[in-house]
Amino acid sequence: MDSVVFDSTDLDRIETFLSDAYAPMRIGSTAPSPHAHVDRVEGPDDLTVDHIDLGFEMLYDVSALGKICLCSIESGSVEDHRVAGSRHATSFGPGEVFSFSPPDRAYRGRINEARYSITMFDPGLLTEVAGGQSDNPIPVRLLDHRPVTRRRGEALRTAIDDAARALSAPGVTPLARDAAARDLAATVLRTFPTTADQGPTSADRDDAMASASLSRALDLVEAHTDEPLTLPELAAAAGVTPRALQQAFRRYLETTPSEYVRRVRLDRAHDDLAAGERDDGTTVTDVAMRWGFYHQGRFASAYRRRYGEAPHETLRGEQSARR
C-alpha cells in the first residue's frame, strides 16, 4: 500500500502541498488558524483517494488537473464553484458527489469547513473501460458535474469508499488494486452523462461473427488469469477492435469480457479453496485477494451464486463432508 499523510496549520505549507498533490493553485483565507489534514492512498492508473478535513474557509483557484477528479462531501460545503469558460457557478453540500472539472479546464471556488474525499485517476482509464480503440482512441469525457440520478451518485460514493478500503487493505495484491481501479471507472461511466458511444460499427459487427478471434482472447485469459488484463490487450490478441470483441462475447458467451475474466478468476479461487486445508494457513481473504476480489462481501455473494456454498465451506470441506 502506498499512502501519504499531511497535516498543517500553515497556509503557505497547505498551498504548497495542495499544488504538489493536485495542480498549481492559489488558495486564500481570512481564518486566523487554518488547519488541513489529508490522508491519501494510491493505486494504479494514477488513482488516488484522499480523505481531507479542512477546518477553515478556503478560496481556491486551480490550474487544469489533467485528470478525472471527483469530490464526495461528508460535511461542510463547496460553494461558488466555477469552471473556466462556464457562465454559471454551482454549489454542493453533504451527501453529494460531483466532478470538479474537465481534465483540461481550470476551476475556482470556496470550501467551507468541509470533510470530503477527492478521487483522481487518468482519463484514459475511462476510455479503456468504455471499450475505446487501443490506437488513437477518442477520449471519453464527462458531460456534467452532477450524477444523472441521486441513486447513481450514492452508488459512486460507495464505490469510492470501496476503492479506498481496497487500496489500503493489508495484503492487497496488484490484481486486486487493478480490479478496484477498473470497477471505480466503470461506476463513473454509469454515474455521469458521457461521450462514450457504446454502439458498434458495421465492421465491428462483422468481426464479431468470427469465433476464431474470440478463441484467441479466451486463450489469453486462461494463460494470464493472475495478471491485470485490459480490454485493448484482449482485443489485440484477438486481432479485432475492442467493440468487436465485446460483440463476440455477447454473441457467443452471452457475457462481457470483464465478466468472463471475473468468472475465470472465481473458478481459480474455488480451486485454491478446495485444495486448501484447515490447518495449512489458507484463508478466504488471502485467496480472494490473490484473484483480484478486494470486496469480501461481494466475493462471498458471487461465490455462493456460482457454487452453492460459502467460500469458507469449500475451504473446510463442510459440504463435501455432509455429502
Side-chain angles (χ1 to χ4, degrees), residues 1-4 21-22 39-52 65-74 95-103 116-132 137 139-169 172-196 198 228-232 242 256-259 261-262 265 288-289 291-299 301-302:
M1 175 193 72
D2 298 317
S3 62
V4 174
Y22 303 107
D39 290 299
R40 163 173 287 192
V41 292
E42 301 177 345
D45 295 292
D46 293 329
L47 172 63
T48 58
V49 183
D50 297 348
H51 288 94
I52 302 173
L65 292 165
K67 296 181 180 181
I68 301 296
C69 182
L70 310 172
C71 179
S72 178
I73 303 176
E74 179 181 343
E96 291 192 85
V97 60
F98 66 96
S99 168
F100 258 117
S101 174
Y116 57 102
S117 70
I118 294 290
T119 302
M120 298 194 304
F121 58 87
D122 189 325
L125 183 61
L126 280 187
T127 304
E128 181 184 310
V129 171
V140 171
R141 295 185 295 108
L142 305 185
L143 297 176
D144 195 5
H145 290 300
R146 298 182 186 274
V148 293
T149 66
R150 179 178 293 275
R151 178 173 295 180
R152 292 192 185 183
E154 291 170 352
L156 178 58
R157 284 168 58 86
T158 298
I160 290 170
D161 291 342
D162 288 345
R165 281 193 292 269
L167 296 178
S168 60
V172 63
T173 63
L175 195 60
R177 290 159 63 93
D178 180 77
R182 294 178 185 284
D183 285 351
L184 179 59
T187 304
V188 170
L189 288 168
R190 293 191 295 269
T191 300
F192 296 96
T194 77
T195 59
Q198 300 299 327
L229 292 170
T230 68
L231 180 59
T256 65
S258 60
E259 285 297 327
V261 171
R262 191 173 290 114
R265 288 175 178 161
M289 283 288 191
W291 294 107
F293 298 98
Y294 59 90
H295 192 291
Q296 298 302 305
R298 286 202 290 268
F299 170 69
S301 295

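Numbers here simply count residues along the sequence, with the first being 1.
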Using 30° and 60° as the class limits, which term best fits the ring planes of Phe299 and Phe293: parallel, tilted or perpendicular? tilted
Looking at every heavy atom in both Pro193 and Val148, which two are closest together, and how far apart are they? CD-CG1, 3.3 Å
Could you check whether any side-chain heavy atom of Leu184 comes within less than 4.5 Å of a side-chain heavy atom of Ile160, counting everything from C-beta outward? yes
Between atom NZ of Lys67 and atom CG of Asp46, what is the distance when rounded to the nearest 0.5 Å? 4.5 Å
Any chance you could measure His51, atom NE2, to Ser72, atom OG, to the nearest 0.5 Å? 8.0 Å
Minimum side-chain heavy-atom gap Pro228-Leu175 below 4.5 Å: yes
Among all residues two or more places apart in sequence or in another chain, which pass the side chain to side chain donor-acceptor pair (under 3.5 Å) test with Arg262? Asp183, Glu259
Salt bridge (Lys or Arg N to Asp or Glu O under 4.0 Å) filter on Asp162, not counting sequence neighbours, yields Arg165, Arg298
Could you walk me through whether Leu142 and Val188 pass side chain to side chain contact (heavy atoms under 4.5 Å, CB included), step by step? CA-CA 9 Å; Leu142 305 185; Val188 170; 4.1 Å; yes
Here the pair of heavy atoms bringing Ala181 nearest to Pro44 is CB-CG, 3.9 Å
Are any of the side-chain heavy atoms of Leu156 and Pro147 separated by less than 4.5 Å? no
Taking the side chain as every heavy atom from C-beta outward, state whether Cys69 and Ile118 have any pair of such atoms under 4.5 Å apart. yes
Is any side-chain heavy atom of Thr230 closer than 4.5 Å to one of Asp178? no
Evaluate the side-chain proximity of Thr173 to Trp291: yes if any heavy-atom separation is below 4.5 Å, no if none is. no
Residues Leu125 and Arg182: closest non-hydrogen pair is CD1-NH1, 3.7 Å
Distance, nearest 0.5 Å, that separates OH of Tyr22 from OG1 of Thr48: 7.0 Å
Quick one: are Leu167 and Glu42 in side-chain contact, heavy atoms under 4.5 Å? no
When every non-hydrogen atom of Val97 is compared with those of Gly153, the smallest separation belongs to CG1-O, 3.4 Å
Inter-residue atom distance Ile73.CD1 - Tyr116.OH, 0.5 Å rounding: 9.0 Å
Could I get the full list of salt bridge (Lys or Arg N to Asp or Glu O under 4.0 Å) partners for Glu74, not counting sequence neighbours? Arg115
Where is the tightest heavy-atom contact between Phe192 and Arg146, given as atom of each residue plus distance? CD2-O, 3.5 Å
Looking only at heavy atoms, the pair that brings Ala21 and Arg40 closest together is O-NH2, 3.3 Å
Rounded to the nearest 0.5 Å, what separates atom CG in Asp50 from atom CG in Asp39? 8.5 Å
In the structure I gave you, are the side-chain heavy atoms of Pro103 and Ile68 within less than 4.5 Å of one another anywhere? yes
Assess the residue pair Glu96 and His145 against the criterion (side chain to side chain contact (heavy atoms under 4.5 Å, CB included)); give the C-alpha distance rounded to whole Å, side-chain angles, the decisive distance to 0.1 Å, and a yes or no. CA-CA 11 Å; Glu96 291 192 85; His145 290 300; over 6 Å; no
In Å, rounded to the nearest 0.5 Å, how long is the span from CZ of Arg157 to CG of Leu70? 12.0 Å
Looking just at side-chain N and O atoms, do Thr195 and Arg141 make a donor-acceptor pair shorter than 3.5 Å? no
